[in-house]
Amino acid sequence: MTPRVRFAPSPTGFFHVGSARTSLFNWLYARHTGGAFVLRIEDTDTERNRDEWQAGILSAMAWLGLTYDEGPFLQSSLLADHTAAAEALYGAGRLYACDCTRDAIDERTKDAAKPGYDGFCRRRGLSRSPETALRFAVAREGETVVHDLIRGDVTFANASYEDFVVVRPNGVVLYPLANLVDDRSIGITHVIRGEDLLPTAPKQVMMWEALNDCDGVESVPLPRYAHLPMLVNEQRKKLSKRKDPVAVESYRDQGYLPEAFVNYLALLGWSPRGGDEKVSRETLVEQFALEDVSHSPAFFDVKKLTHLNGEYLRAMSLEQFVEAARPWVAPWSSPWRPTTAPPWTAEEFDEALFTRVAPLVQERVTTLGEVPAMVAFFFGALRLDEAAFAKTIGGDPLGQTMLAVAIERFAGLTWSATTLHEATAELGEALGLALRKAQAPIRCAVTGTLVGPPLFESLEILGREPVLARLRDALARANA
RNA sequence: GGUCCCAUCGUCUAGUGGCCUAGGACAUCACCCUCUCAAGGUGGAGGCACGGGUUCGAAUCCCGUUGGGACUGCCA
């Protein structure tokens with residue numbers, strides 16, 4: 001039987017990096033084995049679900065290239081199956097009615113050795129009513145084994161589980177059963193999910209087998225399980241939506257590339273053969289195996305992601321880089337755009353000019369979001385960094401002298417990076433300045449800051465008149 | 001508290017009893033390159049949590065200790 005795996009997020013927030021990792025590993029397993037990757041949206045928590053979250057999951061998955069073969073199925077459309085399964089279990093005596101409130105249970109068990117439900121209603125023979133929930137009668141003895149592809153067999157004593165609620169008084173079937181019924185309905189053969197769900201796996205095994213024993217219910221083989229190690233923060237805690245930067249959307253917004261993001265995610269809990277960690281999607285698919293997945297939690301290290309992103313950026317052709325940078329430098333001509341707009345207008349932007357400077361910035365940025373700041377001086381009015389100006393021009397007479405002689409010299413120069421470089425070096429030498437000191441006031445006057453792409457290439461591209469104008473402006477400002 | 005999972009440099013990992021004087025990557029430090037900033041190059045520091053076994057031999061197998069984490073909802 002060809003494997004069928006699923007990714008089953010619930011749209012209760014931004015698409016989380018942990019979810020992205022789970023989704024990716026499911027996708028990789030499907031692609032590696034030639035199986036099917038099915039998407040199911042668990043949209044039954046109406047209190048917390050929002051349409052925009054659902055759209056966010058879909059667009060983030062598309063961005064990452066996690067294409068699904070079937071779906072998205074909506075859990076809300078599978079409700080009838082849930083109810084039918086619950087009825088079958090109830091009919092077979094595996095579920096019983098319970099009218100205990102949380103408070104009543106707590107009151108009864110507050111002095112007991114073990115907390116949780118005490119099985120109070122198990123033998124009361126209550127009939128179902130709008131006040132009763134349905135609980136699963138867990139075997140009091142024996143053990144349940146979860147066969148996990150990553151961890152091996154994990155054994156749980158049945159006695160360590162209480163009779164958990166499966167159906168609410170209002171008839172709604174809860175997650176543990178609903179999730180499993182959906183997996184049966186959709187024909188899932190491998191359940192690949194986070195390790196946080198390992199403790200609930202025995203419940204699902206118990207119910208899966210109970211369902212198989214019910215009259216009139218088709219027997220379905222148990223799925224194989226694979227529980228992926230958690231993704232944690234610096235404190236070694238499960239990544240938190242509130243405290244940690246986990247929204248996949250925000251990484252896209254900052255200018256991380258999907259290839260780099262996927263590559264990095266794959267490195268969390270798994271590693272490619274050979275020394276190279278920068279590997280293509282094809283290599284990932286070819287080499288991926290659940291058996292090789294690590295058992296221990298992994299820290300989501302943005303620094304390493306960033307480095308990898310830089311490698312991907314530098315490996316691009318000029319055309320690819322210019323295109324990739326479009327949403328950040330020319331959002332008006334891009335179907336998708338980041339939340340931050342560049343500091344220039346569509347009229348001020350010049351694509352041909354950007355294409356010329358692109359190679360200079362391509363090897364200097366680690367994310368596409370850094371591009372605008374690096375090329376801002378090419379487009380629109382100069383934005384001057386006051387501190388940089390004070391340091392190299394305003395408070396430095398030599399800097400002013402440098403500007404003055406540069407204005408004179410540049411005016412009649414054959415305009416090229418090489419000649420500008422030589423001229424600046426000579427001018428500086430005459431003033432007793434090393435090139436690094438001599439170029440600083442010019443850089444500041446022309447680009448507004450002290451860091452940026454190579455100066456002389458930038459001057460060449462910007463053109464003589466704009467450069468001279470900015471040098472004069474800076475000098476005038478110093479003398480004002 | 002109970003159940004379960006986990007344990008190699010700061011971080012992600014390679015390692016499945018001898019090839020390990022433990023390899024790589026990120027981060028970090030130094031140097032080189034250099035018009036700023038990067039990138040790149042070279043080199044350095046840095047780890048098998050601890051204690052017992054098993055074995056001729058243990059990072060690798062077993063037991064215990066310690067430490068960390070997850071779960072313990074009429075959420076998903």
Side-chain angles (χ1 to χ4, degrees), chain A residues 8-12 42-45 47-49 75 98 100-102 113-117 132-135 146 148 150-151 154-157 159-162 164-170 172 174-176 178-179 194-202 227 229-230 232 234-238 264 267-278 294-308 310-311 313-314 360-366 370 374 388 392 417 420-421 424-425 428 434-440 442-444 447 449-459:
Chain A
S10 68
T12 56
E42 306 210 327
D43 61 342
T44 47
D45 184 346
E47 296 285 299
R48 297 192 301 159
N49 286 181
Q75 185 166 58
C98 168
C100 298
T101 61
R102 189 74 242 171
K114 67 176 191 179
Y117 186 64
T132 58
L134 255 33
R135 290 182 182 269
V146 176
D148 191 286
I150 294 172
R151 286 153 218 285
V154 184
T155 304
F156 299 80
S160 64
Y161 286 89
E162 62 184 51
F164 51 91
V165 172
V166 171
V167 185
R168 277 187 191 158
N170 66 5
V172 170
L174 268 9
Y175 168 77
N179 175 267
E195 191 194 343
D196 48 342
L197 293 169
L198 183 53
T200 68
H227 290 93
M230 302 305 303
V232 299
E234 291 100 320
Q235 285 75 238
R236 300 256 110 203
K237 304 259 197 231
K238 187 167 134 174
Y264 179 66
L267 260 25
L268 261 18
W270 181 83
S271 65
R273 284 193 282 279
D276 221 352
E277 291 188 321
K278 179 172 175 286
S294 154
H295 297 187
S296 43
F299 168 58
F300 185 85
D301 186 357
V302 179
K303 286 211 181 86
K304 185 155 179 175
L305 198 214
T306 303
H307 173 84
L308 197 58
E311 287 194 343
L313 245 17
R314 275 174 256 125
L360 303 180
V361 304
Q362 184 173 0
E363 62 184 45
R364 291 182 160 67
V365 295
T366 53
E370 296 167 8
M374 201 153 279
T392 60
L420 283 161
H421 188 159
T424 305
L435 186 54
R436 57 177 293 118
K437 292 288 282 182
Q439 58 91 38
I442 297 174
R443 178 183 292 277
C444 181
T447 74
T449 88
L450 294 177
V451 299
L455 181 62
F456 305 112
E457 282 82 350
S458 298
L459 298 182

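Values in this document were obtained by computation on a predicted structure and should not be read as measured data. By convention in this document, chain letters (A, B, ...) are assigned in the order of the sequence lines, proteins followed by strands, and residues within each chain are numbered from 1. Below, each value reflects all heavy atoms present in this structure, side chains not excepted, and no hydrogens, waters or symmetry copies.
Using atom C1' as the reference point in both C9(B) and C26(B), the two lie 12 Å apart (nearest Å). Remark: the separation of the C1' atoms in A7(B) and U60(B) is 14 Å, to the nearest Å. Using C1' as the reference atom, U13(B) and C4(B) are 25 Å apart when rounded to the nearest Å. With P as the reference atom, C63(B) and C5(B) are 12 Å apart, rounded to whole Å. Using atom P as the reference point in both A30(B) and U11(B), the two lie 22 Å apart (nearest Å). Spacing between G10(B) and G40(B) at atom C1', rounded to whole Å, works out to 25 Å. Across U8(B) and C50(B), the matching P atoms stand 11 Å from one another, rounded to whole Å. For the P atoms, the distance from C29(B) to A39(B) is 12 Å, rounded to whole Å.
With C74(B), C71(B), A14(B) as the candidates, the nucleotide lying closest to the side chain of Pro169(A) is C74(B). The side chain of Arg236(A) has U11(B) as its nearest neighbour among U11(B), A70(B), U13(B). Taking every side-chain heavy atom of Phe156(A) into account, U3(B) is the closest of U36(B), U3(B), A27(B). Here U36(B) is the nucleotide among U36(B), A76(B), C74(B) with the atom lying nearest to any side-chain atom of Gln439(A). The Glu457(A) side chain lies nearest to C35(B) when the options are C35(B), G24(B), A76(B). Nearest to the side-chain atoms of Leu455(A) among the listed nucleotides C35(B), A76(B), A70(B) stands C35(B). Distance from the side chain of Asp45(A) is smallest to A76(B) among U36(B), A76(B), U11(B). The side chain of Ala133(A) approaches C74(B) more closely than any other nucleotide in the set C74(B), C12(B), A27(B). Among the nucleotides G73(B), A76(B), U36(B), the one closest to the side chain of Arg102(A) is G73(B). In the set U13(B), C74(B), A7(B), the nucleotide with an atom closest to the side chain of His295(A) is A7(B).
Between Lys303(A) and the phosphate of A27(B), there is no side-chain N or O to OP1/OP2 separation shorter than 4.0 Å. For Lys237(A), no side-chain nitrogen or oxygen approaches OP1 or OP2 of A70(B) to under 4.0 Å. Using a 4.0 Å cut-off, some side-chain N or O of Ser271(A) falls inside it from OP1 or OP2 of A14(B).
Tyr264(A) has its OH atom 9 Å from the C1' atom of C26(B), to the nearest Å. Rounding to whole angstrom units, OH of residue Tyr161(A) and P of C4(B) are separated by 9 Å. A straight line from CG of Asp148(A) to P of C4(B) spans 15 Å, rounded to a whole angstrom. Nucleotide A38(B) holds its P atom 12 Å from the CZ atom of Arg443(A), rounded to whole Å.
Between Glu195(A) and Arg151(A), at least one side-chain N (NZ, or NE/NH1/NH2) sits under 4.0 Å from a carboxylate O, which counts as a salt bridge.
Here Thr306(A) lies out of heavy-atom contact (under 4.0 Å) with every strand. Among the heavy atoms of the strands lying under 4.0 Å from Pro454(A) is at least one base atom, whether or not backbone atoms are also near. Residue contacts for Leu308(A): at a heavy-atom cut-off of 4.0 Å it reaches no nucleic acid atom on any strand shown. In this structure, Phe456(A) reaches the bases: a heavy-atom distance under 4.0 Å links it to at least one base atom across the strands shown. At a threshold of 4.0 angstrom between heavy atoms, the contacts of Glu234(A) with the nucleic acid are absent. Pro453(A) comes within 4.0 angstrom of a nucleotide base, judged by non-hydrogen atoms across all strands. Within 4.0 Å of Gly116(A), counting heavy atoms only, lies no atom of the nucleic acid at all. Across all strands shown, Gly269(A) has heavy atoms under 4.0 Å from sugar-phosphate atoms exclusively, and none from any base. Within 4.0 Å of Thr12(A), counting heavy atoms only, lies no atom of the nucleic acid at all. Counting non-hydrogen atoms under 4.0 angstrom, Cys444(A) reaches nothing in the nucleic acid.
Under the Watson-Crick and G-U wobble criteria, each requiring two contacts below 3.5 Å, nucleotide U28(B) is paired to G44(B). When both distances must be under 3.5 Å, the Watson-Crick or G-U wobble mate of C71(B) is G2(B). Base pairing analysis places U36(B) opposite nothing; no Watson-Crick or G-U wobble pair with both distances below 3.5 Å involves it. As the counterpart of U55(B), no nucleotide is assigned, since no Watson-Crick or G-U wobble pattern has both distances under 3.5 Å. Pairing partner, U16(B): none, since no Watson-Crick or wobble contact has both distances short of 3.5 Å. When both distances must be under 3.5 Å, the Watson-Crick or G-U wobble mate of A76(B) does not exist. Base pairing of A7(B): its partner is U66(B), meeting the Watson-Crick or G-U wobble criterion (both donor-acceptor distances under 3.5 Å).
On a pure distance criterion of 3.5 Å, a polar donor-acceptor pair joins the side chain of Glu277(A) and the base of G24(B). A donor-acceptor contact under 3.5 Å is not formed by the side chain of Arg436(A) with the base of C35(B). Counting atom types as modelled, Arg151(A) pairs no side-chain N or O with a base atom of C6(B) as donor and acceptor under 3.5 Å. A donor-acceptor contact under 3.5 Å is formed by the side chain of Lys304(A) with the base of A25(B).
Heavy-atom nearest nucleotides on RNA chain B were determined for Leu268(A) and for Asp43(A), and the one closer to the 5' end corresponds to Leu268(A). Position along RNA chain B of the nearest nucleotide to Pro199(A) versus Arg314(A) favours Arg314(A) as the more 5'-ward residue.
The distance from atom CD of Glu42(A) to atom OH of Tyr175(A), rounded to the nearest 0.5 Å, is 6.0 Å. Distance check: Leu459(A) CG to Arg443(A) CZ gives 8.5 Å after rounding to the nearest 0.5 Å. Atoms NE2 and OG1, from His227(A) and Thr200(A) in turn, are 6.5 Å apart once rounded to the nearest 0.5 Å. Separation of atoms OG1 (Thr306(A)) and CD (Glu311(A)) is listed at 12.0 Å; rounding is to 0.5 Å.
For Arg135(A) and Tyr117(A), the positive end sits near the middle of the six-membered ring, less than 6.0 Å away and at most 45° from its axis.
Taking the six-membered ring where the residue is Trp, Tyr264(A) and Phe300(A) present perpendicular rings, their angle passing 60° and hence far from 30°.
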Within the sub-3.5 Å range, which N or O atoms of nucleotides 43-51 of chain B have a protein N or O partner, and how far apart are they?
none

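In this structure the side chain of Ser296(A) never reaches within 4.5 angstrom of the side chain of Pro229(A), judged on heavy atoms. Side-chain atoms of Asn49(A) and Thr12(A), non-hydrogen and from C-beta on, do get closer than 4.5 Å to each other. In this structure, Cys98(A) and Leu134(A) have side chains that are not in contact, with every pair of non-hydrogen atoms separated by 4.5 Å or more.
Side chain of Gln439(A) to backbone of Thr424(A): no donor-acceptor contact under 3.5 angstrom is found. Judged by distance alone, the side chain of Ser271(A) and the main-chain N or O of Leu267(A) form no donor-acceptor pair under 3.5 Å.
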